[in-house]
Amino acid sequence: MAMRLWASKSASYFKISVFNRGFATVLKDLKYADSHEWVKVEGSSATVGITDHAQDHLGDVVYVELPELGTAVTQGSSFGAVESVKATSDINSPVSGKVVEVNKELDESPGLVNGSPYEKGWIMKVELSNNDELKSLMDSDSYSKFCDEEDAKH
Amino acid sequence: MRIPRKLEVWRMGTMNYLNALKLQEKLASDRKACKISDTLLSLQHPPTYTLGKRRTDHNLLVSEDELKTMGAELHYTQRGGDITYHGPSQAILYPIISLRDIGLGARNYVEKLELTMINLASTYGVQARPGRKCETGVWVGERKIGAIGVRISSGISSHGLAFNINPDLNYFKHIVPCGLADKEVTSLTREANAELPTEEVIEEQLIASFAQLLNYDNIEWKDNASAS
């Protein structure tokens with residue numbers, strides 16, 4: 001319930017359309033990887049985080065392992081990890097490039113990933129090395145469908 | 001048509017921690033490449049203390065030298081969770097399974113690991129419960145009987161659960177177990193009023209409990225298997 005209220009408030013703030021699928025929010029204008037990370041591209045720069053579906057399936061995040069600045073990341077490869085409920089889960093980069101900024105707020109407040117996965121819970125910013133790679137990512141509609149199919153498996 | 005789910009169980013006996021870790025890494029890599037099906041390692045460790053990714057070594061109350069004198073090892077790992085002790089008479093399950101294939105997230109998987117132990121305990125009349133917030137694990141009252149620490153990489157799990165059948169609980173005095181200062185540790189032997197069968201039988205029941213909760217259709221047993 002709170003997610004829906006938040007979602008519509010952010011939607012009007014950002015003037016973007018929000019598509020609610022059941023309880024997890026998916027934002028249009030972002031691209032998605034099948035390992036549940038999102039990327040917001042602005043020119044040759046990208047912001048990366050994990051989706052609402054991901055944070056819901058993880059549980060309360062207690063720790064985020066951030067990459068070092070300047071690290072090279074590769075699409076589909078692990079760049080860090082999050083810990084929740086005694087489980088560390090690797091997070092994979094949806095894009096290739098160089099890490100230029102990380103969200104230091106997550107050191108003190110890892111819960112931002114749960115409460116604000118698309119906004120305050122962003123994880124890293126990357127200088128893209130290959131914009132073509134974005135074509136292999138899903139748009140919001142495909143990602144929503146993907147989540148539904150995954151959830152139907154159990 | 002639903003494809004039958006198979007779980008391959010390797011019963012390893014007592015295994016050194018690092019050797020078990022290397023085996024898990026190999027199996028996880030093979031599982032990711034779809035060379036093997038879901039696999040479960042069932043084993044015990046010699047006295048070993050381990051830390052999780054956050055390296056909370058402030059919860060180790062003795063020096064590493066003192067640990068060596070006791071005959072215990074210390075290892076840093078990539079799993080979630082805080083500091084814990086593993087040793088003889090503690091049943092360990094390390095499922096190396098594809099959570100991604102069944103669409104299971106960390107939270108649901110950990111809940112199933114908790115239930116695996118809770119269901120087993122109830123077989124012996126012990127009423128266990130899952131941990132409250134920030135206390136993941138399995139409890140009997142305010143005493144901890146089972147611990148969990150998991151790693152998920154590319155959707156494949158490693159590490160897993162540790163269930164106290166009858167370990168020497170004194171070893172827990174040298175740590176703040178799981179970072180929880182005012183909590184006791186307990187075991188099935190302490191809590192059960194019924195007479196217990198052999199550890200081997202209890203371990204088999206624990207595996208069966210896990211297999212049932214994760215909806216496996218059949219189990220293939222491999223004893224003292226080695227990585228090929």
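Nearest approach of Lys53(B) to Ala81(A), heavy atoms of both residues: CE-CB, 3.6 Å. Val85(A) and Val110(B) get closest at one heavy-atom pair: O-CG2, 3.5 Å.
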Note to self: Run the salt bridge (charged side-chain N to carboxylate O under 4.0 Å, His left out) test on Arg107(B) and Asp56(A) for me, step by step, so that the C-alpha distance in whole Å, both residues' side-chain angles and the decisive distance to 0.1 Å come before the verdict.
What the structure shows: CA-CA 8 Å; Arg107(B) 191 160 55 99; Asp56(A) 181 57; 3.5 Å; yes

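Here the side chains of Val62(A) and Arg54(B) are in contact, with some heavy-atom distance below 4.5 Å.
Atom CG of Asp90(A) sits about 9.0 Å away from atom CD1 of Ile152(B), to the nearest 0.5 Å. Put simply, CG on Asn92(A) and OG on Ser153(B) are 7.0 Å apart, with the number rounded to the nearest 0.5 Å. Summarising the geometry, atom CG belonging to Asp82(B) is positioned 7.0 Å from atom NZ belonging to Lys86(A); distances are rounded to the nearest 0.5 Å. Rounded to the nearest 0.5 angstrom, Leu99(B) CG and Glu150(A) CD are separated by 10.5 Å.
For NZ of Lys183(B), the number of neighbouring non-hydrogen atoms (other residues, nucleotides, ligands) closer than 6.0 Å is greater than 12. More than 12 heavy-atom neighbours from other residues, nucleotides or ligands sit within 6.0 angstrom of CD on Glu149(A).
Residue contact with chain B, scored on non-hydrogen atoms closer than 4.5 Å, is absent for Ser78(A). Only the side chain of Glu65(A) has a heavy atom closer than 4.5 Å to any heavy atom of chain B. The parts of Arg151(B) that come within reach of chain A are both its backbone and its side chain, each placing non-hydrogen atoms under 4.5 angstrom from that chain.
When each of Gly76(A), Ser35(A), Ser89(A), Ser84(A) is checked for heavy-atom pairs under 4.5 Å with chain B, Ser89(A) comes out on top.
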